[in-house]
Structures are given as structure tokens and as C-alpha cells.
Amino acid sequence: GYTYSSLIHGLCKDERFDEAVVVFDRMLARGSRPDAAVFNTMANGLIMGGRFKDAVAVVKRMVELGYKPDVVTYSVIIAGSCKKGRVKEAYRLFQTMLGSDCPPNLITFNSMMWGLARLGRVAECEAMLALMRKNRLRPDQYTYNNMMLALVKTRQPDKAKMVFQAALGEHLWPDVQMYTTLIKGYSRAGRLDEALFVFEDMKRRCTPNVRAYNLLLQGLCANPSTFNEALRLFDDMIRLGCWPN
RNA sequence: GUAUUGGA
């Protein structure tokens, strides 16, 4: 089991999906009794390759062979559906988990919330957050970033910042994604001053990546009056060893 | 050994 999941995972990471499937099929043909993790790995690998339908088929096979999908299986399918834009389906599956013997965990919630956030469904994300707390799950950086994404998508960067601060209040160390989401929120609202302010804070707490620089550069270059600032930021970027792409 | 966050 460990061997098979490592092998399948490795092949999928190298985008050698067909070979992974061959390994998986041979394993089953040989009549091995892999555990659920191997099915989960295969299903997720196929989703990585954009082959959602095939991933669902793997889960079907899993069930036919008498295995019970676990919380990872559900999370993989929920995240995969959301990535495909099939958020409604993901939500239906998510709801079947509530009150079942396989309740959603932090990752399941985060996956579902991401799908909702991408659609800018702020109220639904808030409901998710409340439900998480009710289920005694502690929101993490992913959770807060998802909430911020929904707010940024609906052009409410100040509310996103409040969420950011709430995360800090829960003693969560802000990560690169949270900063980048907030910077994006401000720069898309044309509030470069705020974006730069967040960026300065980011430099203190984590290492900005090319993506964060690109976001700011894009915003600064859009306005002729801040073009020099863009050049200065570019120098900064090089000096700090962040390579432009 | 397997699942979640940065797309105008």
C-alpha cells in the first residue's frame, strides 16, 4: 500500500498519469488488497491531470470492491468538483457528510469554502465558518484566505483586511497567500497605497514571492505617477534575490 | 504513503 501510493503519487506529480493508471490497474488485477489511501492517491492524481471523470470512476471502483470512502476521498472529490466549477455538486456531497459517520474535517471544509469563495459567495462562506466552529474545528490560514478571497472577489478589501486581522487575533501566522490575497484586493480596488502598506508588513513576516511583486508592479505601472515607484520596487526585488519571471 | 488557499 505504501509502495503503491508513493509510486502513483510520484508518477502523477511528474504528470505521468497514464503510467500511474497502469500501475494502479495492475495492482488491482493482481488482486492486491490496497487500503483506501491508494485509491485516494489515484483519484487525486487524476484530478491533478484534469481527469475528474476518471477520478470519480476510481471512487466507484473503490466502492464496488467493498471499500468505504474516507474523509480524504470525499475531500478529494469535493475539491476536484470545485476546481471544475461544479460547486453545487460539491456542496451536495458535502452535505451528505454532515451528521454521517464520516464528517467533514478542516480540509474538507476548506475545500468546500474555496469553491464558494471563488464564486464570491460571501454569505455562504460565513455560514461555513460558523459551521466549522460549531463542529469544533479551528479555522486555519486556508480558511481565512478563503474568506478573504470571497471578499476580494466582491470588492470589499477592507473587510478582507478585517478577516486578516481576525486571523492574527487567533494567533495564526499570516502566510504568503493571505498577504497576496489582501494585496490583490487593494490593488484591484486601485488602492495602491494600502497595497504597498500591506506589502511592507509582508516583508517583515514572510518572504514575498514573484507573484506578490508582480501584483504590485502591475498596479504601480498602471498609473504614470507611480511608475518610478515601480522601478524602485523592481530593484528591490532583484536585490532581495527574487527572480523576475 | 494520499486531500484544501494566490487566475482580470
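A, B, ... follow the sequence lines: proteins, then strands. Residue 1 opens every chain. Keep in mind it's a predicted model, so treat the numbers as computed, not measured.
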What nucleic acid atoms does [X] come within less than 4.0 Å of, heavy atoms only: base, sugar-phosphate, or nothing?
X	answer
A:Ala212	base
A:Val76	sugar-phosphate
A:Leu149	sugar-phosphate
A:Lys83	sugar-phosphate
A:Asp140	nothing
A:Gly1	base
A:Arg118	base

Query raised in the report: Residues two or more places apart in sequence or in another chain: which of them pass salt bridge (Lys or Arg N to Asp or Glu O under 4.0 Å) with A:Arg121?
Result: A:Glu124

**Report entry** All salt bridge (Lys or Arg N to Asp or Glu O under 4.0 Å) counterparts of A:Glu19, not counting sequence neighbours
**Finding:** A:Arg16

Requested in this report: Ignoring hydrogens and angles, state whether a donor on the side chain of A:Thr143 or A:Asn146 is under 3.5 Å from an acceptor on the partner side chain.
Outcome: no

Report summary line: Sorted by number, residues from residues 93-117 of chain A placing a heavy atom under 4.0 Å from RNA chain B are A:Asn105, A:Ile107, A:Asn110, A:Ser111, A:Trp114

Requested in this report: Could you tell me from which nucleotide to which nucleotide of RNA chain B, 5' to 3', there is an atom under 4.0 Å from chain A heavy atoms?
Outcome: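 For RNA chain B, the relevant span reads B:G1 to B:A8.
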
Report task. Look only at the side chain of A:Tyr67 and the backbone of A:Pro34, and say whether a donor-acceptor pair between them is shorter than 3.5 Å. Result -> yes

Requested in this report: Give every residue pair that meets the salt bridge (Lys or Arg N to Asp or Glu O under 4.0 Å) criterion with at least one member in residues 46-63 of chain A, sequence neighbours excluded.
Outcome: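 Matches after skipping sequence neighbours: A:Asp18-A:Arg51, A:Asp25-A:Arg61, A:Arg51-A:Asp54.
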
Query raised in the report: With a 4.5 Å limit on heavy-atom distance, are the side chains of A:Ser75 and A:Asn110 in contact?
Result: no

Query - Non-neighbouring partners of A:Arg205 that pass side-chain contact (heavy atoms from CB on, under 4.5 Å), sequence neighbours left out - result: A:Leu168, A:Trp173, A:Pro174, A:Tyr179, A:Asp201

Requested in this report: Could you tell me whether A:Asp235 and A:Arg232 make a salt bridge, using a distance below 4.0 angstrom between a side-chain N and a carboxylate O?
Outcome: no

